[in-house]
Amino acid sequence: MSLSSKRYKGSSLSFNDVFLPPVTGSNVFPDNVDLSTRLTQNIKTKLPFWTAAMDTVTSSTMAIAIARLGGVGVIHRNFSIEDQVEEVIAVKRSQSGMITNPVTVTEATTLAEVEQLSARYKNSGFPVIDSRTKKLLGLITNRDTRLHSPKTLVKEVMTPRPKLLTQQSNTTSEEALKFFIKNKLEKLPLVDKNDNIVGLYTWKDVAKKQQYPNASLDHQDRLLVGAAIGVFGDDLLPRAQALVDAGVDILVMDAKNGHHQSSLKALEVLKNKFPKIEIVPPNVVTAKGALAQIKRGAAAIKVGIGVGSICTSTDVTGVGMPQFSAVLEVSEAIVKKNIPVIVDGGLRSSADIIKAFVAGSSSIMSGRLFAGTDETPNEPLSEDPNFKLYRGMGSSGAQSGRYSSRYLQNRVPEGVESAIPLRGPVEKIVATLVVGIKTSMCELASVKVKDLWKREFRQYTPSGISESHPHDIILLEEMRRSTQ
Ligand code: XMP
């Protein structure tokens, strides 16, 4: 191949190839930095982080943890439809603001039935209503049911009105918090002017809102959550429908290549069927790919092919693009479309995240950065309990899962399995990344992520890269390890 060929489009850069010169006169300090961003066209969060839709990274436990911190998790799809829906419901039920449609009982319900409802809905108390008029008659909580026979009727032990304290339907969660503190109660039923039940606050939910002030919340103050769906197969629409019915906020199409006709067609079909849901199509790396997806209703453009730490697809196919150039090409091409860019894969540190923002993205998705933490769905490895598994969704291990079809067409593995040292709670990882990002933003005179889109970048030479890492020394840690 001659480099004078018209088909040769020049070289491309990875994060490692670029560095960011500091901005003279920056007066930004960490406290001024605001990492809130747009994850998708209509969803904003306080932190620019997504945890990847991988079966060694994100199920409901991780999705709850990252959403409480200010990001969003994407529930992987190596699940039956029913099990994936359960995961979404677990996130949505983990906390809420005012419960607008509380589960209720009547005076004739038995305590045995109340117990069953408690186990099913993980609730410790229910409003008691008149089954005919729907008027609120009282409240039954696990404090009332203790020490009574299961056959006892609710009306015999409930806290009846007017003894039961209630508030009007327009009560805010801040007012509910004051109510709970003042009255030392844990449930607050809300009634309309006809005394019908219209909502319920619980101490648990209101306290969580205070505990996690950065949490990513929907309009009912429930945690935001994404879920992965495929591109092919008979279960595409039923899965999407079931996830939407369960309350998912973002459908993330998980396939290796978003440029293909099949991906574009699937996006069109899904967008027609679910016009109000934010749909993020599969990854692209070119301007043309991104524009084709925007035309079909993409809520964000996810960039990255062949760059994941566990990915071997470029080894297999030769198709992909180094991540810095891919983000740059895509974000510059779509800058006027007002659709945010997500950088997916290839990130090793806060420095790479900053470079991803400088290239034009609004948020990052990662598996590697969050793998090995307490909240991932897998247990420590039996070979060595100091490590957890982190594997590509195209690895043979993940592909042997019954529901995975990311790379099924040819069954050549396009990912590998790896061992990651245990890394503790994800909160610690997020805190370290945030400190690194904020420090960098101070040096780059940037208060918001989008300020970074204007910053300069330059290319390293190979000797520049080696100079920018520790060199010409023996690391003490390594010396100690070798003499042990
Ligand atoms: P990191 O760098 O965080 O990348 O490990 C995570 C992203 O990689 C993608 N992914 C894969 N890509 N083969 C691939 O080519 C795979 O087996 C595979 N599994 C995940 C995915 O986009 C993820 O978010």
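Scope of the values below: all heavy atoms of this structure, side chains included, with no hydrogens, waters or symmetry mates. The shown structure was predicted, so the numbers you read here are calculated from the model rather than taken from an experiment. Note that ligands are numbered from 1 as they come in the structure, with each ligand's atoms numbered from 1 the same way.
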Output a table of donor-acceptor pairs, distance under 3.5 Å, between side-chain atoms of residues 218-231 and any protein atom two or more places apart or on a different chain; print 'none' if there are none.
residue: Asp218; atom: OD1; partner: Gln220; partner atom: N; Å: 2.8
residue: Asp218; atom: OD1; partner: Asp221; partner atom: N; Å: 3.1
residue: Asp218; atom: OD1; partner: Arg222; partner atom: N; Å: 2.8
residue: Asp218; atom: OD2; partner: Lys92; partner atom: NZ; Å: 2.9
residue: Asp218; atom: OD2; partner: Arg222; partner atom: NE; Å: 3.0
residue: Asp218; atom: OD2; partner: Arg222; partner atom: NH2; Å: 3.2
residue: Asp221; atom: OD2; partner: Lys209; partner atom: NZ; Å: 3.0

Legend entry - Polar side chain donor-acceptor pair, Asn272 to Glu268, under 3.5 angstrom: no
Inset, instruction - Flag Lys302 as yes when one of its N or O atoms lies below 3.5 Å from any N or O atom of ligand 1, and as no otherwise. - result: no
Inset, instruction - Can you tell me which residue pairs pass the ring-ring contact (aromatic ring centres under 6.0 Å, His included) test with a partner in residues 315-340, sequence neighbours excluded? - result: Phe324-Phe457
Legend entry - Close approach, Gly304 and ligand 1, non-hydrogen under 4.0 angstrom: no
Legend entry - Any Gly306 heavy atom less than 4.0 Å from ligand 1: no
Legend entry - Selection from Asp254, Val343, Asp344 by shortest heavy-atom distance to atom 22 (O) of ligand 1: Asp344
Legend entry - Numbered atoms of ligand 1 (with element) below 4.0 Å of Gly394, judged on heavy atoms: 16 (C), 17 (O)
Legend entry - Nitrogen or oxygen atoms of Glu414 and ligand 1 under 3.5 Å apart: yes
Legend entry - Proximal ligand 1 atoms for Gly392, defined as those under 4.0 Å from one of its heavy atoms: 16 (C), 17 (O), 18 (C), 19 (N)
Legend entry - Atom indices of ligand 1 within 4.0 angstrom of Gly367 heavy atoms, with elements: 3 (O), 6 (C)
Inset, instruction - Tell me which part of Met54 gets within contact of ligand 1: side chain, backbone, both or neither, using heavy atoms under 4.0 Å. - result: side chain
